[in-house]
Peer 1: 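Here it is: the structure, laid out below.
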Amino acid sequence: MRGSPEERAAVRKSYYKMNKKEKAEYILTYYKLPLFTAFVVLAVGITSLVHTLTKKEPVLYTAYVNTVFGDDMTQKMTDDFLNDIGLDLKRNEVLVYKDLYIDEDPTLEDHQYVYASKMKILGAISAKQMDVALMNDNAYGQMSASGLLMEMDTVLKDDTQLYEDLKPYLTEGTVILEDNSVEYSLNEADTYEAVTEQQINAIDVSEFPIFRSAEIDGKMYLGVIGNTPRVEKVRAFLAYLLNTK
């Protein structure tokens with residue numbers, strides 16, 4: 001409150017003579033804005049503190065592409081994996097992208113969903129927030145052709161034993177190096193042409209005990225996203241899947 005020293009002294013003297021109800025009304029009348037501002041600052045501070053104390057660190061980002069897993073299987077590949085490598089579940093997590101569906105020739109009714117899934121996949125990869133993808137045959141073919149998957153020699157080069165253990169399951173896929181898809185789609189070329197090469201860029205995990213016991217239909221592949229910054233955690237995940245029922 002502004003005013004001369006005499007005015008402020010008079011106000012204080014008047015305030016001391018008020019009863020509790022009058023004092024409360026006086027404070028609310030003259031200090032409502034400062035009190036509200038202080039309350040907002042305090043609330044924001046508490047919220048930020050709680051968020052900081054409870055925020056979990058993503059250890060690994062996985063994606064289910066053209067495949068669905070139940071809660072039990074997802075728990076095995078998230079919380080159980082973290083327990084296996086000795087990480088605190090209160091501070092760490094495995095983030096999972098579910099319900100992703102891609103198709104080379106989607107029907108009209110599927111087109112929007114397929115487009116949204118592709119955008120989500122590309123966005124996560126661009127942000128380096130996708131490390132591994134679990135895929136069926138169709139999805140693997142598309143992810144491989146698009147050059148999104150890391151060669152397994154690169155993934156496993158620092159772990160000779162894991163490479164030997166996974167060697168029977170390594171899978172070769174086709175990667176398109178260049179093509180005339182734009183010209184072909186615009187009817188500027190009569191035939192589609194592409195330059196391709198074969199790369200060992202996935203693991204056939206269909207016969208891993210963890211997936212065999214889940215009675216997965218058809219083939220199941222695991223691919224490692226090409227720009228993942230978490231290769232060490234990916235290797236730990238691969239070793240865990242190989243040895244878990």
Side-chain angles (χ1 to χ4, degrees), residues 56 58-85 89 92-150 152 155 166 169-174 201-228 230 233-245:
K56 293 184 178 183
V59 172
L60 195 72
Y61 295 85
T62 66
Y64 302 163
V65 188
N66 291 18
T67 190
V68 177
F69 294 110
D71 292 340
D72 289 345
M73 179 63 79
T74 294
Q75 179 173 322
K76 286 183 180 181
M77 293 190 287
T78 55
D79 291 354
D80 291 357
F81 165 61
L82 293 176
N83 279 325
D84 185 74
I85 61 175
L89 298 183
N92 302 277
E93 64 181 338
V94 174
L95 289 178
V96 180
Y97 298 97
K98 300 180 181 179
D99 303 320
L100 296 174
Y101 178 72
I102 58 176
D103 198 312
E104 200 167 6
D105 297 303
T107 63
L108 184 61
E109 54 197 36
D110 289 335
H111 185 269
Q112 253 188 333
Y113 190 76
V114 169
Y115 180 79
S117 291
K118 286 183 176 179
M119 291 301 99
K120 190 170 185 178
I121 290 170
L122 294 175
I125 291 175
S126 178
K128 295 186 178 181
Q129 292 180 350
M130 187 178 290
D131 303 309
V132 298
L134 288 155
M135 311 162 282
N136 69 356
D137 279 294
N138 185 7
Y140 170 47
Q142 293 183 70
M143 297 280 281
S144 175
S146 299
L148 298 177
L149 304 178
M150 185 180 294
M152 295 311 301
V155 177
L166 290 173
Y169 308 101
L170 297 180
T171 303
E172 193 173 72
T174 301
N201 57 6
I203 300 170
D204 182 350
V205 297
S206 307
E207 293 303 312
F208 282 22
I210 186 173
F211 296 109
R212 193 169 62 241
S213 62
E215 300 180 351
I216 303 296
D217 291 331
K219 290 286 188 180
M220 179 68 55
Y221 299 94
L222 184 150
V224 180
I225 303 303
N227 68 345
T228 173
R230 287 168 284 272
K233 287 297 188 295
V234 169
R235 285 196 293 266
F237 187 60
L238 293 175
Y240 167 78
L241 292 180
L242 181 62
N243 297 292
T244 300
K245 294 182 180 180

Peer 1: I want to check something: taking the side chain as every heavy atom from C-beta on, are N201 and Y140 in contact at a cut-off of under 4.5 Å?
Peer 2: yes
Peer 1: Please report the interatomic distance CE(M77) to CG(L241), rounded to the nearest 0.5 Å.
Peer 2: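 Separation between the atoms: 7.0 Å.
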Peer 1: Can you name the residues that form a salt bridge (charged side-chain N to carboxylate O under 4.0 Å, His left out) with D80, not counting sequence neighbours?
Peer 2: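 Salt bridge (charged side-chain N to carboxylate O under 4.0 Å, His left out) list for D80, sorted by chain: empty.
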Peer 1: Side chains of L238 and K233: does their closest heavy-atom pair fall under 4.5 Å?
Peer 2: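 Result no, sub-4.5 Å side-chain heavy-atom pair not found.
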Peer 1: Salt-bridge test for K219 and D204: reply yes if a basic N is under 4.0 Å from a carboxylate O, no otherwise.
Peer 2: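 Judged by the 4.0 Å cut-off on N to carboxylate O distance, K219 and D204 do form a salt bridge.
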Peer 1: Please list, chain by chain and in numerical order, all residues satisfying side-chain hydrogen bond (donor to acceptor under 3.5 Å, both in side chains) with Y64, sequence neighbours excluded.
Peer 2: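 Y64 satisfies side-chain hydrogen bond (donor to acceptor under 3.5 Å, both in side chains) with T74 only.
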Peer 1: Nearest 0.5 Å, please: how far is CG in N243 from CG in D84?
Peer 2: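 So the CG of D84 and the CG of N243 are separated by 9.0 Å.
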Peer 1: For the residue pair Y115 and H111, does the interplanar ring angle fall in the parallel (under 30°), tilted (30 to 60°) or perpendicular (over 60°) class?
Peer 2: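 The arrangement is parallel - the two ring planes meet at less than 30°.
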Peer 1: So, the side chain of D131 versus the backbone of T228: is there a donor-acceptor pair under 3.5 Å, distance only?
Peer 2: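 Between the backbone of T228 and the side chain of D131 there is no qualifying donor-acceptor contact (under 3.5 Å).
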Peer 1: Only counting residues at least two apart or in another chain, list the ones meeting salt bridge (charged side-chain N to carboxylate O under 4.0 Å, His left out) with K120.
Peer 2: none
Peer 1: Identify, with sequence neighbours excluded, every residue that meets side-chain hydrogen bond (donor to acceptor under 3.5 Å, both in side chains) alongside N138.
Peer 2: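 By the side-chain hydrogen bond (donor to acceptor under 3.5 Å, both in side chains) rule, N138 matches Q142.
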Peer 1: So among T67, V65, L149, D137, which one has a side-chain contact (heavy atoms from CB on, under 4.5 Å) with Y221?
Peer 2: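 Only match with Y221 under side-chain contact (heavy atoms from CB on, under 4.5 Å): D137.
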Peer 1: With side chains defined as the heavy atoms from C-beta onward, is the minimum distance between M130 and I121 less than 4.5 Å?
Peer 2: yes
Peer 1: Is T78 close to V96 at the side-chain level, that is, under 4.5 Å between some pair of heavy atoms?
Peer 2: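 Side chain of V96 against side chain of T78, heavy atoms only: contact under 4.5 Å found.
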Peer 1: Can you name the closest pair of heavy atoms from P209 and K245 and give their distance?
Peer 2: CB-CG, 3.9 Å
Peer 1: Looking at L89, is its backbone amide N or carbonyl O close enough to the side chain of K56 to form a donor-acceptor pair, meaning the two atoms are under 3.5 Å apart?
Peer 2: yes
Peer 1: Specify the closest pair of heavy atoms between S206 and G218, including all atoms of both residues, with the distance to one decimal.
Peer 2: OG-O, 4.0 Å
Peer 1: Residues in side-chain hydrogen bond (donor to acceptor under 3.5 Å, both in side chains) with Y101, at least two apart?
Peer 2: D103
Peer 1: Look at the rings of F69 and F211 and say which category their plane angle falls in: under 30° parallel, 30 to 60° tilted, over 60° perpendicular.
Peer 2: tilted
Peer 1: Are L134 and T62 close enough that some pair of their side-chain heavy atoms sits under 4.5 Å apart?
Peer 2: no
Peer 1: Do side-chain atoms of S144 reach the backbone of T174 as a donor and acceptor pair under 3.5 angstrom?
Peer 2: yes
Peer 1: Under 4.5 Å between any side-chain heavy atoms of Y169 and L242, yes or no?
Peer 2: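 Answer yes - side chains close enough.
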Peer 1: When you measure from the side chain of R230 to the backbone of L60, do you find a donor-acceptor pair of N or O atoms at a distance under 3.5 Å?
Peer 2: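 No; judged by distance alone, with no hydrogens or angles, the pair does not exist.
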Peer 1: If you define the side chain from C-beta out and look only at heavy atoms, does anything of F208 sit under 4.5 Å from I203?
Peer 2: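 Heavy-atom side-chain distance check passes, below 4.5 Å.
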Peer 1: Can you find a pair of side-chain heavy atoms, one from M143 and one from I102, that are under 4.5 Å apart?
Peer 2: yes
Peer 1: Looking at M135 and L222, what are the two nearest heavy atoms and their distance?
Peer 2: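 For M135 and L222, the tightest heavy-atom pair comes out as CE-C, 4.1 Å.
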Peer 1: Taking only residues two or more places apart in sequence or in another chain, which ones pass salt bridge (charged side-chain N to carboxylate O under 4.0 Å, His left out) with R235?
Peer 2: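 For R235, no residue satisfies salt bridge (charged side-chain N to carboxylate O under 4.0 Å, His left out) once neighbours in sequence are set aside.
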Peer 1: Mind running side-chain contact (heavy atoms from CB on, under 4.5 Å) on Y61 and I225 for me, showing each step along the way?
Peer 2: CA-CA 10 Å; Y61 295 85; I225 303 303; over 6 Å; no
Peer 1: Measure from the side-chain N and O atoms of S126 to the backbone N and O of L122, and report whether any donor-acceptor pair falls under 3.5 Å.
Peer 2: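 Checking the backbone N and O of L122 against the side chain of S126, no donor-acceptor pair under 3.5 Å is found.
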